[in-house]
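Notes follow once the structure below has been shown.
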Amino acid sequence: MQMKADYVNAFYLATKEVFKQMLDVEAELGQPRAVEDMLAGKEANVLIGLTGDIAGSVLYSFPQKMALEMVKILSGMEMEELDVFVTSALGEMANIISGNAASFLEKAGLNCNIFPPQIILGKHKTVSVAAQKAIVLPLKTNIGEFEVSVAVKN
């Protein structure tokens with residue numbers, strides 16, 4: 001089953017919106033690419049599972065420096081490391097983005113539920129998901145570059 005562009009677009013639009021609203025940061029889309037395996041390619045990664053009419057996973061991958069800057073913007077506190085506070089804040093951001101994407105998909109007539117976030121620390125860890133392929137959306141901001149990988153099927 002091929003992944004529909006609408007599914008991926010819902011996550012891109014939700015990411016762009018949440019970054020603007022919560023961080024006052026513009027997220028610019030690079031060239032999307034298809035990959036065989038989801039890769040937690042940065043130091044701070046958040047995995048959200050999806051169920052309902054579409055099933056699969058979304059992986060948000062942030063470099064450590066960007067993750068710390070995001071939490072500084074959100075909390076007003078200078079952060080030094082990927083501690084429990086930082087990873088909790090990243091998990092919440094991913095939850096909000098995924099919830100917004102699920103709302104977009106519901107408006108399109110698809111039932112979509114999200115699982116609580118799983119935090120994966122460390123680079124280059126392969127994540128096993130239900131879908132065969134993932135679409136990686138590289139995003140560029142003035143505080144760093146990150147990726148949103150979407151692997152869903154209906």
Side-chain angles (χ1 to χ4, degrees), residues 3 7-52 54-105 112-152:
M3 200 178 333
Y7 303 165
V8 177
N9 202 35
F11 287 92
Y12 165 63
L13 293 174
T15 302
K16 192 171 172 58
E17 249 179 41
V18 170
F19 266 70
K20 183 68 182 151
Q21 290 171 355
M22 292 183 72
L23 302 172
D24 196 26
V25 168
E26 294 289 342
E28 186 181 311
L29 182 62
Q31 183 60 50
R33 65 186 187 278
V35 294
E36 291 297 321
D37 295 308
M38 272 181 139
L39 184 67
K42 313 275 186 216
E43 291 90 354
N45 307 279
V46 184
L47 183 68
I48 303 265
L50 308 167
T51 62
I54 61 169
S57 302
V58 181
L59 179 68
Y60 302 87
S61 282
F62 303 99
Q64 179 170 330
K65 186 177 177 195
M66 181 181 184
L68 296 174
E69 184 63 25
M70 287 166 60
V71 176
K72 179 182 170 186
I73 292 168
L74 289 169
S75 69
M77 296 187 298
E78 196 72 46
M79 307 310 295
E80 301 290 322
E81 61 184 336
L82 296 173
D83 60 14
V84 173
F85 182 79
V86 172
T87 57
S88 176
L90 292 176
E92 194 51 42
M93 281 260 327
N95 241 351
I96 292 167
I97 294 168
S98 300
N100 287 6
S103 293
F104 288 144
L105 293 167
C112 182
N113 300 304
I114 62 174
F115 287 108
Q118 291 180 288
I119 309 297
I120 304 160
L121 297 178
K123 284 180 162 184
H124 309 301
K125 297 185 188 294
T126 301
V127 179
S128 179
V129 296
Q132 290 93 353
K133 289 185 193 285
I135 302 296
V136 178
L137 304 174
L139 292 147
K140 187 182 283 190
T141 73
N142 63 349
I143 60 169
E145 296 181 21
F146 68 106
E147 295 178 340
V148 177
S149 302
V150 182
V152 295

Could you walk me through whether N95 and I114 pass the side-chain contact (heavy atoms from CB on, under 4.5 Å) test, one step at a time?
-> CA-CA 8 Å; N95 241 351; I114 62 174; 3.6 Å; yes
Chi angles and distances behind the side-chain contact (heavy atoms from CB on, under 4.5 Å) call for K133, V35 = CA-CA 6 Å; K133 289 185 193 285; V35 294; over 6 Å; no
Run the ring pair (Phe, Tyr, Trp, His ring centres under 6.0 Å) check on F104 and Y12 step by step: do they pass?
-> CA-CA 11 Å; F104 288 144; Y12 165 63; over 10 Å; no
Step-by-step side-chain contact (heavy atoms from CB on, under 4.5 Å) determination, L47 to V58 | CA-CA 6 Å; L47 183 68; V58 181; over 6 Å; no
L82/L68 under side-chain contact (heavy atoms from CB on, under 4.5 Å): CA gap, chis, key distance, verdict = CA-CA 7 Å; L82 296 173; L68 296 174; 4.3 Å; yes
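Using a 4.5 Å cut-off on side-chain heavy atoms (C-beta onward), N113 and L50 make no contact. Between I48 and F11 the shortest side-chain heavy-atom distance does not fall below 4.5 Å. Inter-residue side-chain proximity for E26 and T141 is flagged as unmet; no heavy-atom pair is nearer than 4.5 Å. Residues E43 and F62 have side chains not in contact (no heavy-atom distance under 4.5 Å, counting atoms from C-beta outward). In this structure the side chain of I73 reaches within 4.5 angstrom of the side chain of I143, judged on heavy atoms. Between K140 and F146 the shortest side-chain heavy-atom distance does not fall below 4.5 Å. Residues F85 and S75 have side chains in contact (heavy-atom distance under 4.5 Å, counting atoms from C-beta outward). Residues L29 and L139 meet the side-chain proximity criterion, which asks for heavy atoms closer than 4.5 Å.
Taking CE of M93 as the start and OG of S88 as the end, the distance is 12.5 Å to the nearest 0.5 Å. Separation of atoms OG (S103) and CG (L13) is listed at 12.5 Å; rounding is to 0.5 Å. The distance from atom CG of N142 to atom CD of E69, rounded to the nearest 0.5 Å, is 8.5 Å. The OG1 atom of T87 sits 10.5 Å away from the CD atom of E81 when rounded to the nearest 0.5 Å. Separating the CD atom in E17 from the CD1 atom in I96 is a distance of 12.5 Å, to the nearest 0.5 Å. Atom CG of residue L90 and atom CG of residue L74 lie 8.5 Å apart, to the nearest 0.5 angstrom.
Atom NZ of K20 is surrounded by more than 12 heavy atoms from other residues, nucleotides or ligands within 6.0 Å.
Here the shortest heavy-atom pairing between K42 and P63 reads CB-N, 3.6 Å. Contact between L121 and A44 at its shortest, heavy atoms only, is CD2-CA, 4.2 Å. Considering all non-hydrogen atoms of both residues, V46 and A94 come closest at CG1-CB, 3.4 Å. Scanning both residues, A10 and A101, for their nearest heavy atoms gives O-CB, 3.7 Å. Here the shortest heavy-atom pairing between M38 and S57 reads CE-O, 3.5 Å.
Between the side chain of N45 and the backbone N or O of I120 there is at least one donor-acceptor pair closer than 3.5 Å.
In the model, S98 has a side-chain atom that pairs as donor or acceptor with a side-chain atom of Y60 under 3.5 Å.
A salt bridge links E147 and R33; the closest N-O separation between the charged side-chain nitrogens and carboxylate oxygens is under 4.0 Å.
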